[in-house]
2 protein chains.
Amino acid sequence: MGATKTEHFTDKQNEIALLTKALGHPARIAIVEYLISANNCICGDIVNELPLAQPTVSQHLKELKNADLIKGTIEGNAICYCINEKSIEKIIDYFLKIATKLKNKQCC
Amino acid sequence: MGATKTEHFTDKQNEIALLTKALGHPARIAIVEYLISANNCICGDIVNELPLAQPTVSQHLKELKNADLIKGTIEGNAICYCINEKSIEKIIDYFLKIATKLKNKQCC
DNA sequence: TTTGTATATTGCAATATTACGATAAAAATC
DNA sequence: GATTTTTATCGTAATATTGCAATATACAAA
């Protein structure tokens, strides 16, 4: 089929899955890393940093935006992107909780 | 095409992308949550916990195993699964570093 | 040895993702 | 206004993912 059965899972499960799915591609990880490489937001130039064609990069940026992982503001004929800190925190919080629960567990 | 161009990215980028990709499905998030719900490893019964057919669950377990996120040991005719703490820590470490770098940044 | 239980594999259909060329849109610059 | 620069969208091909029925495998118990 190819379509995910989201309706059977909780909102939280779907939310975390959407965030991790959006990060589940090396190009999108590379974009995130580039966006934190400077002290300000990154205006333009993202395409030149990646080994992919411009439409492909644009598509990856769109997916990160859809997952609310990055924000883009139009600045002249360039677009300034930065990471949405809140979404990163959501990921950290979620997996920290899991790690905490794992401390009290014994694996066979 | 559909095939990811992994060869253009760093090992670390590919590693994180593989981990997040494996977690990028609500069923696999639900499996992880079920595996931390008890104090021991979970032996059998995973299929009954999910709203999906047995082959589908088996496939999701396989993907989590391939990403080294869970470990399974055969115990009679059941299989005992538990989470690989190290992989969860890898995720936490990676995104904590990103969050730290974000603290020193100003978004436009 | 047969039966039951738990999990894996195979094969397939439906859909999603990845990637890119061509083209469009929007703004700056000449 | 024409040109350049930057990003988005469209269309399309190749491949991947999701999900399940059917079947296989492996072990336990009767």
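In what follows, every chain begins at residue 1, and chains take the letters A, B, ... in the order their sequences are listed. Keep in mind that the numbers below use all heavy atoms, side chains included, and drop hydrogens, waters and symmetry copies.
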Taking atom [atom1] as the centre, does [X] end up with more than 12 heavy-atom neighbours from other residues, nucleotides or ligands that are less than 6.0 angstrom away?
{"X": "B:Lys101", "atom1": "NZ", "value": "no"}
{"X": "B:Lys12", "atom1": "NZ", "value": "yes"}
{"X": "B:Asn104", "atom1": "CG", "value": "yes"}

Once salt bridge (Lys or Arg N to Asp or Glu O under 4.0 Å) is applied, do any residues pair with A:Lys71, and if so which ones, sequence neighbours excluded?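 Not a single residue meets the salt bridge (Lys or Arg N to Asp or Glu O under 4.0 Å) criterion with A:Lys71.
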
Please report the closest heavy-atom contact between A:Cys41 and A:Tyr81, naming both atoms and the distance.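 Smallest heavy-atom distance, with atoms named: CB-O, 3.3 Å.
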
Outermost nucleotides of DNA chain C that come under 4.0 Å of a non-hydrogen atom of chain A: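 So the contact region on DNA chain C extends C:dA13 to C:dA28.
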
Cluster overlap B:Leu18 with B:Leu23, hydrophobic side-chain contacts below 4.5 Å: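 Different clusters.
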
May I ask whether A:Ile16 and B:Ile98 are part of the same hydrophobic cluster, defined by side-chain heavy atoms of I, L, V, M, F, W, Y residues being less than 4.5 angstrom apart, directly or through others?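 Same cluster.
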
Have a look at A:Leu52 and say if it touches a base, only the backbone sugar-phosphate, or nothing, with a 4.0 Å heavy-atom cut-off.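 Sugar-phosphate, no base atom in range.
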
Judged by each residue's nearest nucleotide on DNA chain C, which is more toward the 5′ side, A:Ala3 or A:Ile74?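 The 5'-side residue here is A:Ala3.
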
Does any residue of residues 20-37 of chain B have a heavy atom under 4.0 Å from DNA chain D, and if so, which ones, in number order?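 Result for residues 20-37 of chain B: B:Lys21, B:His25, B:Arg28, sorted by number.
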
Let me have the donor-acceptor pairs involving side chains of residues 43-56 of chain B, under 3.5 Å, with sequence neighbours excluded, atom names and distances please.
unit_1, atom_1, unit_2, atom_2, d
B:Asp45, OD1, B:Asn48, ND2, 2.8

Let me check something: any side-chain donor-acceptor pairs from residues 84-94 of chain B under 3.5 Å, sequence neighbours excluded? List them with distances.
unit_1, atom_1, unit_2, atom_2, d
B:Asn84, OD1, B:Lys86, N, 3.3
B:Asn84, ND2, B:Asp68, O, 3.0
B:Asn84, ND2, B:Asp68, OD2, 3.3
B:Glu85, OE2, A:Lys103, NZ, 3.3
B:Ser87, OG, B:Asp68, O, 2.7
B:Lys90, NZ, B:Glu15, OE2, 2.8
B:Tyr94, OH, A:Glu33, OE2, 2.5

Between B:Arg28 and B:Ala22, is there a donor-acceptor pair closer than 3.5 Å when you use the side chain of the first and the backbone of the second?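 At least one qualifying donor-acceptor pair exists.
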
Give every pair of a protein N or O atom and an N or O atom of nucleotides 6-10 of chain D that lie under 3.5 Å apart, one pair per line with the distance.
unit_1, atom_1, unit_2, atom_2, d
D:dT7, OP1, A:Gly44, N, 3.4
D:dA8, OP1, A:Lys65, NZ, 3.4
D:dA8, OP1, A:Tyr81, OH, 3.0
D:dA8, OP2, A:Ser58, OG, 3.0
D:dA8, N7, A:Gln54, NE2, 2.7
D:dA8, N6, A:Gln54, OE1, 2.8

